[in-house]
Amino acid sequence: MRDVRVRFAPSPTGPLHIGGVRTALYNYLFARKMGGKFILRIEDTDQGRFVPGAEQYIIDSLDWCGITFDEGVHVGGPHSPYRQSERKELYHQYADQLVKSGHAYYAFDSTEELDELRKEYESRKQTFQYGPATRLGLRNSLTLPVEKVQEMLDSGVHYVIRIRIPENEVIHVNDLIRGLVSVESSLLDDKVLYKSDGMPTYHLANVVDDYLMEISHVIRGEEWLPSAPLHVLLYRYLGWESVMPQFAHLPLLLKPDGNGKLSKRDGDRLGFPVFPLKWVDPKSGEVSSGYRESGYLPDAFMNMLALLGWHLDSDKELFSMNELVEAFSIDRCSKSGAKFDPEKAKWFNHHYLSAKPIKELASYLKTQIEGKNIEASEEYLEQVCSLVHERVVLIPDLYEQSHFFFHAPETYDEKVVAKVWKTDTPSLLLELIKVLQSIEPFMLVNLESGIKQFVQDKEIGMGQLMNPLRLCVVGTSAGPGMMDMMAVIGRQEIISRINLCIIKLNQ
RNA sequence: GGCCGGUUCGUCUAACGGUUAGGACGUCAGGUUUUCAUCCUGGUAAUAGGGGUUCGAUUCCCCUACCGGCUACCA
């Protein structure tokens with residue numbers, strides 16, 4: 001059996017969205033599982049759609065995800081270069097070879113002429129196809145005299161090279177996910193293989209490069225399924241059918257509401273990122289949010305993405321990257337598109353985040369408070385994190401859930417005030433202050449026993465005391481256990497917050 | 001329009017042709033808690049429709065419907 005070599009081949013036309021990331025992930029998992037090689041190839045044959053920064057964005061994104069490559073634009077390798085624009089000279093000879101063998105031909109029709117034809121057909125409710133039925137009526141090397149063709153070629157007239165699709169032939173594509181897919185050749189059209197600007201189209205370039213780079217499996221999105229028969233034909237005509245890669249066409253990622261392919265717009269519209277990293281469009285300046293900046297962990301992101309289109313026959317849903325590699329197989333990929341679920345993405349992140357070591361969470365929190373000019377010792381931050389870590393869904397929640405550990409509340413939630421602040425509350429709290437002053441040392445166990453005693457003596461419920469106290473300390477009815485908080489925040493600060501609250505609410 | 005692909009709870013999905021159709025997210029209800037959240041327990045909810053094949057179809061075949069993709073000198 002031949003060595004497994006797979007590639008991820010994005011085009012640098014913008015940021016890579018999560019559908020692309022998932023394709024990269026599956027390729028990566030397959031390569032690692034099979035002990036093969038994983039290659040990053042940049043398909044930039046469309047100079048018109050090139051977006052500066054997109055290539056670096058793709059590299060950075062996959063790096064953040066923990067998806068690593070053995071060969072590629074950024075790491076080099078035996079098949080360099082890995083950028084198709086730098087391989088430009090390579091492709092023409094193969095297009096030539098196809099012309100010589102009669103499987104392709106030169107075409108001189110202008111874009112305008114073809115557009116005109118398409119319109120004409122459309123007005124007759126027909127579809128124009130450059131193919132067996134029409135090519136003999138168009139301007140190409142099939143219809144023009146040999147000398148004329150040569151003359152035009154020599155004179156530098158713009159031309160393209162098109163494949164000559166055979167008539168009445170059934171083409172089979174064996175897909176690892178979908179099984180045998182068969183297409184009648186006359187339904188295909190004479191696709192352009194080589195453009196007038198001297199660049200190959202995707203179809204030619206991907207076949208040539210996959211062959212040259214000895215790719216064993218092509219794992220890509222379902223949107224390529226319709227052109228797969230064309231690619232099979234190219235392998236055949238180029239004489240490479242015996243080493244043709246195996247194909248696996250992945251189901252698409254769909255938008256959470258309604259239907260259709262997940263697109264850039266859906267994120268902003270529904271309030272979740274569609275990109276791994278934040279992206280600023282170099283032309284429009286438009287900003288798109290990213291999973292990293294929103295506070296997702298790469299492990300959680302990968303776990304979530306892996307399950308969108310792949311599943312074990314067991315109930316296991318939590319996988320580390322290593323476990324994914326171990327468990328992955330193409331035959332357990334599903335056929336149907338998967339709607340992306342932002343809620344489940346959050347659930348995964350919550351799970352991974354609350355399982356993180358406290359020290360790590362503390363370091364996240366440290367950078368957050370530094371940005372707010374707050375200072376705190378590492379020990380203090382760790383104490384805070386151990387109290388809030390289960391309440392955190394996204395990394396920024398760390399501070400959102402703990403800000404009252406760093407400063408007194410500036411406002412008091414009116415609804416809560418109305419509910420818990422009674423006329424005798426101030427005097428009760430003043431008495432509590434005396435108790436707090438007597439607790440020695442000011443620690444959790446002593447607080448618990450002291451306050452319990454106080455509540456018993458006063459013959460009141462714990463809630464009658466704790467709810468208003470919480471209002472003083474937090475400003476609302478939320479947060480970790482009061483006793484825990486008091487022990488961490490400290491006696492002086494607690495007492496001062498009680499006093500402050502009584503003054504403010506009595507105004 | 002044509003071609004290709006797809007269709008199991010709201011969502012992601014599991015189920016050698018024989019299961020009370022399972023799990024997870026969400027949701028709902030309880031429980032824990034001084035609050036909120038977490039957490040725990042339980043409930044809710046699905047084989048698109050119609051024909052076959054079969055002793056028996058979620059599973060195999062056909063048709064219909066619906067959804068999606070493709071239909072550029074874009075990838």
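Protein chains get the first letters and strands the later ones, always in sequence-line order, with residue 1 at the start of each.
- Residue A:T45 places none of its side-chain N or O atoms closer than 4.0 Å to OP1 or OP2 of B:C74.
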>> I'd like to know whether A:D209 forms a salt bridge (charged side-chain N to carboxylate O under 4.0 Å, His left out) with A:R7, so could you lay out the CA-CA distance, the side-chain angles of the two residues, the decisive distance to 0.1 Å, and finally the verdict.
In response: CA-CA 10 Å; A:D209 284 344; A:R7 83 303 197 271; over 6 Å; no
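- Backbone-only contact: A:E43 has heavy atoms under 4.0 Å from sugar-phosphate atoms and none from a base.
- In this structure, B:U7 forms a base pair with B:A65, meeting either the Watson-Crick or the G-U wobble geometry with both donor-acceptor distances under 3.5 Å.
- Separating the CZ atom of A:F128 from the C1' atom of B:A72 is a distance of 12 Å, rounded to the nearest angstrom.
- When each of B:U34, B:A75, B:U71 is scored by its nearest atom to the side-chain atoms of A:D46, the top-ranked nucleotide is B:A75.
- Looking at heavy-atom distances under 4.0 Å, A:G309 makes contact with sugar-phosphate atoms alone, never a base.
- The partner of B:C74 is absent, by the rule that a Watson-Crick or G-U pair needs both atom distances under 3.5 Å.
- Counting to the nearest Å, the P atom of B:U13 and the CE atom of A:M304 are 13 Å from each other.
- In A:M443, the CE atom is not crowded: 12 or fewer heavy atoms of neighbouring residues, nucleotides or ligands sit closer than 6.0 Å.
- Among the atoms of the strands shown, none is found under 4.0 Å from any heavy atom of A:R220.
- Candidate nucleotides B:G26, B:U71, B:U34 were compared by shortest atom distance to the side chain of A:K191, and B:U71 ranks first.
- Side-chain proximity of A:S336 to B:U35, B:U7, B:A75: nearest is B:U7.
- Nucleotides B:U38 and B:G30 are separated by 16 Å at their P atoms, to the nearest Å.
- Residue contacts for A:K261: at a heavy-atom cut-off of 4.0 Å it reaches the sugar-phosphate backbone alone, with no base atom in range.
- A:N349 places its CG atom 15 Å from the P atom of B:U38, with the value rounded to the nearest Å.
- Considering only side-chain N and O atoms, A:K255 lies nowhere under 4.0 angstrom from the phosphate OP1 or OP2 of B:G68.
- A:Y412 has its OH atom 16 Å from the C1' atom of B:U35, to the nearest Å.
- Pair assignment for B:U41: B:A29, on the basis of Watson-Crick or G-U wobble contacts that are both within less than 3.5 Å.
- Among the heavy atoms of the strands lying under 4.0 Å from A:S477 is at least one base atom, whether or not backbone atoms are also near.
- Nucleotides B:C66 and B:U8, compared at atom C1', are 16 Å apart to the nearest Å.
- Nearest nucleotide to the A:V183 side chain, out of B:A15, B:C3, B:U35: B:C3.
- Of the side-chain N and O atoms in A:R118, one or more sit less than 4.0 angstrom from OP1 or OP2 of B:C73.
- Contact annotation for A:S334: backbone-only contact, meaning every heavy-atom pair under 4.0 Å involves sugar-phosphate atoms and none involves a base.
- The interatomic distance linking A:Y202 (OH) with B:C74 (C1') rounds to 12 Å, in whole Å.
- When heavy atoms are screened at a 4.0 angstrom cut-off, A:K125 is found touching no nucleic acid atom at all.
- Pairing for B:U20 is absent, judged as Watson-Crick or G-U wobble with the two contacts each under 3.5 Å.
- Taking atom CG of A:L230 as the reference point, atom P of B:A72 lies 13 Å away to the nearest angstrom.
- The aromatic rings of A:F328 and A:Y26 sit tilted relative to each other, their planes meeting at an angle between 30° and 60°.
- B:G2 atom P lies 16 Å from atom CD of A:E184, rounded to whole Å.
- On the C1' atoms, B:U47 is 11 Å away from B:A15, given to the nearest whole Å.
- Of the options A:F301, A:Y296, A:Y291, A:F340, a ring-ring contact (aromatic ring centres under 6.0 Å, His included) to A:F272 is made by A:F340 and by none of the others.
- Nucleotides B:U44 and B:G10 place their C1' atoms 12 Å apart, quoted to the nearest Å.
- A:H158 comes within contact range of no nucleotide atom at all, as no heavy-atom separation falls under 4.0 Å.
- Heavy-atom contacts from other residues, nucleotides or ligands closer than 6.0 Å to NZ of A:K335 number 12 or fewer.
- Residue-level contact check: A:R178 touches the backbone only, with heavy atoms under 4.0 Å from sugar-phosphate atoms and none from bases.
- Nearest nucleotide to the side chain of A:N467, out of B:C25, B:U35, B:U13: B:U35.
- Of the P atoms belonging to B:A21 and B:U58, the separation is 10 Å, rounded to the nearest Å.
- A salt bridge between A:K264 and A:D266 is absent, with no side-chain N of the basic residue lying under 4.0 Å from a carboxylate O of the acidic one.
- Set against B:G26, B:U35, B:G1, the side chain of A:T127 has B:G1 as its closest nucleotide.
- Here A:P480 lies in heavy-atom contact (under 4.0 Å) with a base.
- Taking the P atom of each, B:C9 and B:A46 are spaced 9 Å apart, rounded to whole Å.
- Within the structure, every side-chain polar atom (N or O) of A:R41 is placed at least 4.0 Å from both OP1 and OP2 of B:A75.
- Using a 4.0 Å heavy-atom criterion, one finds that A:D175 contacts no nucleic acid atom at all.
- Within 6.0 Å of CD in A:E414 there are 12 or fewer heavy atoms belonging to other residues, nucleotides or ligands.
- Distance from the side chain of A:H350 is smallest to B:C39 among B:G26, B:C39, B:G68.
- Contact annotation for A:V181: backbone-only contact, meaning every heavy-atom pair under 4.0 Å involves sugar-phosphate atoms and none involves a base.
- Across every strand in view, B:U34 sits unpaired, with no contact that passes the Watson-Crick or G-U test at under 3.5 angstrom.
- Checking B:A15, B:C12, B:C74 against the side-chain heavy atoms of A:L308 singles out B:C12 as nearest.
- Nucleic acid contact class of A:L471 (heavy atoms, under 4.0 Å, all strands): none.
- Relative orientation of the A:H92 and A:Y159 rings is perpendicular, given thresholds of 30° and 60° on the angle between their planes.
- One atom, CH2 of A:W224, and another, P of B:C74, lie 11 Å apart when rounded to the nearest Å.
- When distances are taken from the side chain of A:D313 to each of B:U71, B:A15, B:G6, the shortest belongs to B:A15.
- Under the 4.5 Å side-chain criterion, counting only non-hydrogen atoms from C-beta, A:P480 is in contact with A:V388.
- Atom NZ of A:K316 is surrounded by more than 12 heavy atoms from other residues, nucleotides or ligands within 6.0 Å.
- Distances were taken from every side-chain heavy atom of A:K344 (C-beta onward) to each of B:A15, B:G69, B:A24; the shortest belongs to B:A24.
- Residue A:G479 is classed as a base contact, given a heavy-atom separation below 4.0 Å to a base.
- B:C62 and B:U20 have their P atoms separated by 30 Å, given to the nearest Å.
- When the C1' atom is compared between B:C28 and B:C60, the two are found 39 Å apart, to the nearest whole Å.
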